[in-house]
Every structure is written in structure tokens, then in C-alpha cells.
A.B. asks: 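Supplied in C-alpha cells, the structure appears directly below.
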Amino acid sequence: MAELLVPKIIGELGDVAMKQLGAKVNLVMGVEEEVANISSKLATIEKVLHDAERRRLKDRSVGIWLEKLEDITYEMDDVLDEWNFKIHRAKNEGTSQNARMQPTLRNKVRSFIPSLCSCLKQVPVRSDIAQKIKKINGQLELTLKEADQFKFITSGGIPDSHDFQRIMTTSIIDESEVYGRAADMEKVLDQILSKSSSQDRDGVQIISVVGAGGSGKTTLAQLLFNNDKVQNHFELRNWICISDPFDQKRVAKAILENAGKSSHEAELDPLIRRIKETFSGKRFLLVLDDVWTEDDSMCGNLTLSTLLRMEVACQKIRGLMQEGGKNWAENCRKVQGLATCSKDYGKLVTVQDTVQQWQNVLNSEVWQLEEAAVDLFPHSYLSYNELSPELIHCFSYCSVFPKDHEIEVEELIRLWMAQGYVRPRRRGERVELVGREYLNNLAMRSFFQNLGKYGREYGECTMHDIVHDFAQFLTKNGIGRNSSSERPRHLTIMEEGTEEEMFSSPVVDFGRLWSFFAFRRIGTVVVPQNLFFSLKCVRTLVLSGCGLAEIPTEIGRLIHLRHLYLSSNPFITLPEAICDLYYLETLNISFCQKLSCLPERIDDLVHLRHLENVATDELRQIPQGLGKLTSLCSLTHFIARCNSDDLAILKDLNQLKILNLEIEGEVDFGSAELGKKVNMRNMYLLSRFEAHFIETPSCIETMEPPPNLEKLELDGYPGAQLPSWLVTKSHADNLTRLFIVRARNISSLPALWKLTSLEVLVLVEAERLECLGKEFFGVTKALHENSRDALDTLSDSKSSFSAEAVAFPNLRTLHFRRFQNWTNWEDLSEDDEEVAISIMPCLEELEINQCTKFETLPHCILGKISSLKILDIRRCDKLRDRYSDKTGDDWIKISHIPRVHISDKY
């Protein structure tokens, strides 16, 4: 943490001092010299931190020194927070006080008394902050003196750590020691032989083998390199171990020398020319092993792309599993997928001969012991050591989650922000985008798995058990009951019934905690009354589903709080004191179904970025002050009432990215100025109208929508036709996910095919739609009369569409659900087949759910979609009767689809 906090503190020390001067308040007097000394000492320490971090795992005394330094930086960060907060409060008090003063003697006298009291109250505050700064200065002085004994090398003096130096690999392998690779090898072997034989592409063919350190990538490459078919297929085979740094000239020389050619050229260009001469006209295989660089340009045409899942079988473990029972199955599950970890763990326990001896090893949780960790996670350490300080802490912080926990990516990024791991690198940069970069970087290095995408971004992920163990070992900061730290900074209650033990434990100093989690999956956690008094430094507080009937006013004391998660609790109101949380960035009150109002002073939450309030149906009135929170990026429940000016609150919230809007009748969208919200990507629009059928266009038709939407959900749309703005060029180019739910008056869907970027389309409850006509794909009568003129007709002059006759060119997922009266999906005719139109060329999944009157599938259309992988039919009686026996002509027409699922379940 020191490597991350030290530069942050150096920068903020000067900023806070400037703020104090600019605010014309003097909360901390006479500490200029102390602040300068602290900055100087931190700058000196910063130069040796890289070497110190490199040595901490091998040298326990260095580790202890770093832990002391980290404690100091945590404390300094707290002091800076407090100092900044006091400046803000003093400035606001001064402003409000000046606004209240009147030019009468009586008012001047009246104002003098509170001013005097305020000044008297500030005296101990000034002294308190000054004393803390002085104390920290003294601690840093001792820390610097202690550093002399370690003789640290300053930054840039040596290359990266030699303690975890990468092993240079070769193509040689003993195949008798390899287990469980046959299926993976055959899969990649087919790609290698088929791609290299392909005549329809010129140049070098590319395959990648990517995965976590130790997952068996090199082993697989060695098996392929030495395979008899490969040796016979290629005239030349070349194995180069890249490692790091990526030296282009060294690699080029190695390629030539391995091919039996001398390489005396000093420059890269002649080396490349020699390589071209040597390999021109020959079929060759070049393996670049251990490529770590992220710079694609360094790899040129030599890049590979295959994700592998490896399984390792250990005969001794398998034999003892039969005797040891399900515990051994669980133990083997922990190493499944990480080949090197299995091998190293096998070495560790190979001398154990009895079940009891193995059970002792299992119970010892060896992967969390420092003595074993370096040997057990060598490849994980290599991947870890490649990370920047920011990424190191983003990764290790994930150990706060329980194992197998499905992590929401948006929440994870906000947690990183709360801890200060993610900060904008330049003025105006959206910090959430930086967090996305960090997440993608860690995902690329296989620190996460089961990555689920929502549109173009990852939505959720998990961590492999071994990766989680590695992260937990690295943090050593008190995660649940397995804490090896005596003074944790982050605390998670993992098991139901342990909260009393946690809260009463003398080991846990709640005043030091920066994070406190009570996960709902363990049941209701009983929160003691004094918790809000104890958490003096907390940045993240998660109390989801804890049965909190009241939020105490003491929550306002938690001035460092950035991330407050109070979802699924039965409290009715939030105290006004919550608005004292100056630094608060995320407030989650979703599923607090009894909450009736928000605090009136909500505009004091000047740093609030995310107000998560899904399923707060009683929360019908939003304070006008919400409109002043111009940093707000997420607002997940906002009610606009008929004949009100509610939407005007949204006027200046131009940073909004996510907006869930509920409208009750006809409203004036103009006051919200949605068209100016260029940052908005996700919008949910729920319409509540008293009339069931509406013939006239609704206010939604006249709305000017945000121009850059990527996801749109229209729920309860009242019109007979979808709004015309939906298929304008702006939305056609950007919209990737569209959900149309309970559009009861719509009987056809003629223009959606124009959404060229659409990837997911979900249609639910269109009760007046009886036939899905060919216009759904843009097939009209005009196409048959004059193909060229028809293509021009399909081009919307207002929205400048091109005349490419491709319906839904990027659609991958299409769902129809609960279409009560849908009977027919009009198929293509012979005339249609002569028209040059492509239908859903990328579709992979088609779901038809609870469409009980729907009779038959469009066989010609489905036959044209070669990309279709999944056809899922649920609760569709007539379709079930037609296709479920999987025989006959109808079944043959859809049997080409790899996965057809027909079920009576939802």
C-alpha cells in the first residue's frame, strides 16, 4: 500500500495547503515546515519503495519495515482527509454566516456570539491536526533511519526482481510426465494444421494460447511442437523464449540462428530482411513462448489467441481420494485448472503416505502460509510482479469477497475508488473508465474467470479458488476468520453467527478499519449499536440485509466514508446527518422498500457519483437539492409525476451514465434536457398510464433522447408504434441492447432491423401482436418489384442509412417472451430468397418463451442463419407438440442447430 499511498500523499499535501489558503481559513497554523519535512521524507522513501517491495517476501525484517511505513501512510491519509473536510466545513460556515449577517448593530451583536463560539471550537481542531502532523513527521524520521540498515537501491538502479526470475523455456519435454492434455492438444492441433494449409489467406497465420501463470500454456506448446504430425507438416520449426523485456533484435537473431543462419547485423531492418529471405516460400512453425508484453506492435504478425481450460490428474491423489472421501474431492477442486499449482502442491505432499497425514496438510491451509506460498504460487507471483502498484492493490482487494462470489464489476470498480486505488490521470477524465481499464488489464492476465459481458463491457466475474487464496495471502489484512493479521485494515464477516465473536474480539481494532463488509448471503448480521462510533477511519461500509430499522445519526461521524451500502434494510428514513459525509461517492439504498424520503440536505453530498435506489417504491419525492449533485453518474429510480416539474431536477445532471426513469402519465421531457446528456449509456423508461390503450402519440414520442445510448429498456410503452427517434442514425450506430417490455398496443415491429449495432433484442408481452411479418427483417413488396430501387427505399433519407440490405447485422441474442396472441412468424418465400438480403448473420441464441399460441418456426429464415447455436423453446405448447419428439420433417428443418432445448419449464 505504501507504494500507492506515498505519491498520492505527496501530491495532496500541497493541494490541501493551497485549499486552506484559497478558502481564507487557517485551521492549521505554523505547520508549514512540518509539511515540507514530511514531503521531503516521503520523496526520499518513494525512491526505495520498489526495491523494498521486491525484497519483502524473502526478508521478513523488510516486510515489518514496510508494514510500519504503511501504517504511517494510512494515518497520514486520514489526517489529510480530516484537514480537507475541516477546510470545506469552515468555508461553508463562513459563507452561510456572511449571507445571514445584516447591516444592523443588533444583528452584528447577535452574529458575534456564534462566531466567537465557532472560533473557540476550532482552536482544539487546529491543535489536533497540527499534533497529528508533528507525530507523523517524527515517525517518518525513525522510518528513514531504519531504512539505512537495509541499504535499499533507489529506483532505476537494478532490473526487476531476481527472486522470481523467469525460467527460459525450451521445446524439450518428457511426455510421460504430462497428464490430461490430449483433448486440448487435439483441438489446437487441428487449428494449426488447418490454418497453415489454408489457401484463402496470405501471410502468417496466428493462434494464441493465453491463460494464468502456471495454467500449462508452455506444456501444451511443447507437446504440439514435438507432435509427429507437426514435424511432418512443417519444413522449419523454431522455438523462441521471449520472456521480458521484449528485445526485438534479440528475438530476430534467435530466429535466424535457430534456422541455421548467422546473424551479425546490428540493426533490426536487415535482420528482418534476412528472416524474410530464409523463410520465404517455406511452411514454417514459429513458437514464441512466454510473451508478456502488452504492446501489440511488439509482436507484429506473431500473436496467438486460444483460451484453454486444463485439468490435471495426479495418480497418488486420485488413489487416496477413494480412501479420504469428499474432502479430497474438494482439495483437488481447489487446484483444478492451474497445472503448475497442482504440480507444486503435489511436491509438497508427496512424502505423506497416510490419509491422516494428508488430512493434516489439508487442514493446515498451506496456501496461506508464507513459508509455502513462494513455492506454491511461483507463476502467480510472476504475473503479480508485472502489475503496477494500483493494479496490485485492485487485485489483492478482491480477497474481501467470499470464495465463489459473483462479483459485480461496477460495484468492484466503485470499491477500488473508495480505497483510493483508482484516480483520474488527467483533468476531466472519468474515474470509472480508469477502473474499467484496470479491470480489463487484470482480466487479460486471467486473474478473473467466468467473465460475463453486458453489451460491450464486462458485467460480472468470479475468481478461481487458488487465485483467491493467493490474493488473500498477499493482503494479510484480516479477511474473515482466517485472518493472520493482528491489526486488519479490511474486515469481512464470512459466516453466520460469527459477528458476535468479531465485534468482541480484542484482535480487531475497528478504529483502524478502512473496509467493513457484512455479506447478505450469510443471513442477517446483528450490528451492534456502537459500530458507528467505532469505525473512525472507514472508507467502505457494507451493511446489506442487516435488519436495520433505523440508521443512527452517529453515521455522520464517519467523515472518511466513500462507499455506503445499506440495501435491503427496513428503515423508513435516513438521518440528515448522512449529508455530513462530504467524501461519499456511492450510496446504495436499493430494496429498502419502506424508505419514504431522502434527506433534505442531500445537496451537501457534493462528491456523490452513484445513487443506487432500485425497488424503493415508497420513495416518491426527491428533494430539489438532488439537482445540484452535478457529479452524479447513476440514478436508478426517479419518479416523474404528471403535471409536476420533477424532471427539471435532472436538467444539470449531465454526467449521468445510468438513469432509471418512471413516468406517471404525460410529462414534459423538455425540462430534463435529456438530449444534452451525451455521457448517458443506459436508460430504463417505465411508463405508468391509467388508460390501457392509447391511440394518440405519447409524450415519449416527443422526447429528445440521449444521443449515445447503448442500452435502452422501454417498459409499459403505451403507443401503437415505437417512437420514431429509436431508429435514427445516432441510435442505430450506438444501441447494442434493446428491451421492449409490455408494449401492449404494438402490433408490428417494422423498423428495428435498421439498428445496425444491436447485439441483444428482448421483446416481452406485446399482446396485440399476432403475426410477425417479413417487415421485421425489412423485406417489403418493393424488394420484388425492383431490387435496386427497393434498397434505396429502405434507406431512410432523414437518418442517412446506407442501402446495405442486411437485417440486424450484429444481433447475437433474440428473445420473445409471453406473446399471448402470437400465432405466426411469416417465413421467406421463393421470391424472397432471390432478393439480396442477409438476415441476422451473427445470431447465436434464439429464445421463444411462453408463446402458447405460436404454431411453427420460420424454417427458411432459420436455415439461412448459419451462426445460430442455441434454440431455446419454453412453455410453448404448440411448438412442443410439433418438435419435441425430434422426428419427422419439421424436426429435420431445425436439426442443423447445435443445441435445441424444448421444455415446459420457465
Side-chain angles (χ1 to χ4, degrees), residues 746-756 758-763 766 769-791 793-794 803-817 819 821-874 876-902:
I746 289 178
S747 58
S748 63
L749 300 164
L752 294 181
W753 67 273
K754 296 179 180 180
L755 296 173
T756 55
L758 199 65
E759 297 176 8
V760 176
L761 175 59
V762 176
L763 304 165
L769 191 146
E770 298 179 1
C771 175
L772 189 66
K774 287 182 283 190
E775 72 277 0
F776 183 60
F777 300 110
V779 179
T780 65
K781 184 179 180 181
L783 283 172
H784 305 295
E785 295 173 353
N786 187 320
S787 179
R788 186 62 199 171
D789 291 342
L791 293 181
T793 300
L794 289 174
E804 295 177 1
V806 180
F808 299 108
N810 287 295
L811 193 68
R812 285 164 171 74
T813 301
L814 175 61
H815 289 184
F816 297 96
R817 297 173 184 167
F819 278 37
N821 297 305
W822 185 24
T823 59
N824 180 37
W825 184 341
E826 191 176 5
D827 207 349
L828 298 178
S829 65
E830 291 183 3
D831 292 338
D832 297 326
E833 302 226 22
E834 295 177 1
V835 179
I837 183 169
S838 175
I839 294 176
M840 297 186 288
C842 298
L843 189 70
E844 297 177 354
E845 177 183 336
L846 172 62
E847 177 187 301
I848 304 174
N849 193 332
Q850 298 178 71
C851 301
T852 54
K853 296 182 180 180
F854 187 44
E855 297 179 354
T856 185
L857 296 167
H859 300 135
C860 292
I861 290 174
L862 297 184
K864 281 181 168 291
I865 307 173
S866 59
S867 58
L868 189 61
K869 298 176 182 177
I870 301 172
L871 173 60
D872 195 353
I873 300 172
R874 299 172 184 266
C876 299
D877 299 342
K878 294 183 181 296
L879 293 182
R880 179 200 60 204
D881 295 342
R882 185 179 291 270
Y883 300 101
S884 62
D885 60 357
K886 297 187 177 182
T887 59
D889 294 340
D890 287 334
W891 168 256
I892 292 173
K893 292 174 182 177
I894 64 170
S895 60
H896 64 281
I897 302 171
R899 289 176 55 191
V900 178
H901 180 260
I902 303 173

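All of these numbers come straight from a predicted model, not from anything done at the bench.
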A.B. asks: Enumerate donor-acceptor pairs with a distance under 3.5 Å from any side-chain N or O in residues 839-848 to protein atoms, sequence neighbours excluded.
C.D. replies:
residue, atom, partner, partner atom, Å
Glu845, OE2, His815, NE2, 2.9
Glu847, OE2, Arg817, NE, 3.0
Glu847, OE2, Asn849, ND2, 3.4

A.B. asks: List the residues meeting side chain to side chain contact (heavy atoms under 4.5 Å, CB included) with Ser884, not counting sequence neighbours, and say none if there are none.
C.D. replies: Arg880, Ile902
A.B. asks: If you take all heavy atoms of Ile746 and Ser748, which pair is closest and at what distance?
C.D. replies: CG2-O, 3.1 Å
A.B. asks: Starting at CD1 of Ile873, measure out to NZ of Lys878 and round the result to the nearest 0.5 Å.
C.D. replies: 14.5 Å
A.B. asks: Taking the side chain as every heavy atom from C-beta outward, state whether Leu752 and Leu758 have any atom pair closer than 4.5 Å.
C.D. replies: no
A.B. asks: Between Glu826 (side chain) and Lys774 (backbone), is there a donor-acceptor pair under 3.5 Å?
C.D. replies: yes
A.B. asks: Kindly give the heavy-atom pair with the smallest separation between Trp753 and Phe776, and that separation in Å.
C.D. replies: CB-O, 3.4 Å
A.B. asks: Tell me the salt bridge (Lys or Arg N to Asp or Glu O under 4.0 Å) pairs involving residues 883-899, sequence neighbours left out?
C.D. replies: Arg882-Asp890
A.B. asks: What residue among Val760, Val762, Leu761 forms side chain to side chain contact (heavy atoms under 4.5 Å, CB included) with Thr813?
C.D. replies: Val760
A.B. asks: Side-chain contact, heavy-atom cut-off 4.5 Å: Ile861 with Trp825?
C.D. replies: yes
A.B. asks: Taking ring pair (Phe, Tyr, Trp, His ring centres under 6.0 Å) as the definition, give me every residue that meets it alongside Phe819, ordered by chain and number, with sequence neighbours left out.
C.D. replies: Phe816, Trp822
A.B. asks: How long is the span from the CG atom in Leu862 to the CG atom in Asp827, to the nearest 0.5 Å?
C.D. replies: 7.5 Å
A.B. asks: Name all residues meeting the side-chain hydrogen bond (donor to acceptor under 3.5 Å, both in side chains) criterion together with Thr856; count only those two or more places apart in sequence or in a different chain, and write none if there are none.
C.D. replies: Tyr883
A.B. asks: Does any non-hydrogen side-chain atom of Leu763 lie less than 4.5 Å from one of Leu769?
C.D. replies: no
A.B. asks: Report the distance from atom SG of Cys860 to atom CD1 of Ile865, rounding to the nearest 0.5 Å.
C.D. replies: 11.5 Å
A.B. asks: Would you find a donor on one side and an acceptor on the other, under 3.5 Å apart, between the side chain of Asn810 and the backbone of Glu759?
C.D. replies: no
A.B. asks: Do Cys876 and Phe854 touch side chain to side chain, with heavy atoms closer than 4.5 Å?
C.D. replies: no
A.B. asks: Which residues pass the side chain to side chain contact (heavy atoms under 4.5 Å, CB included) test with Asn821, sequence neighbours left out?
C.D. replies: Glu767, Glu770, Lys853
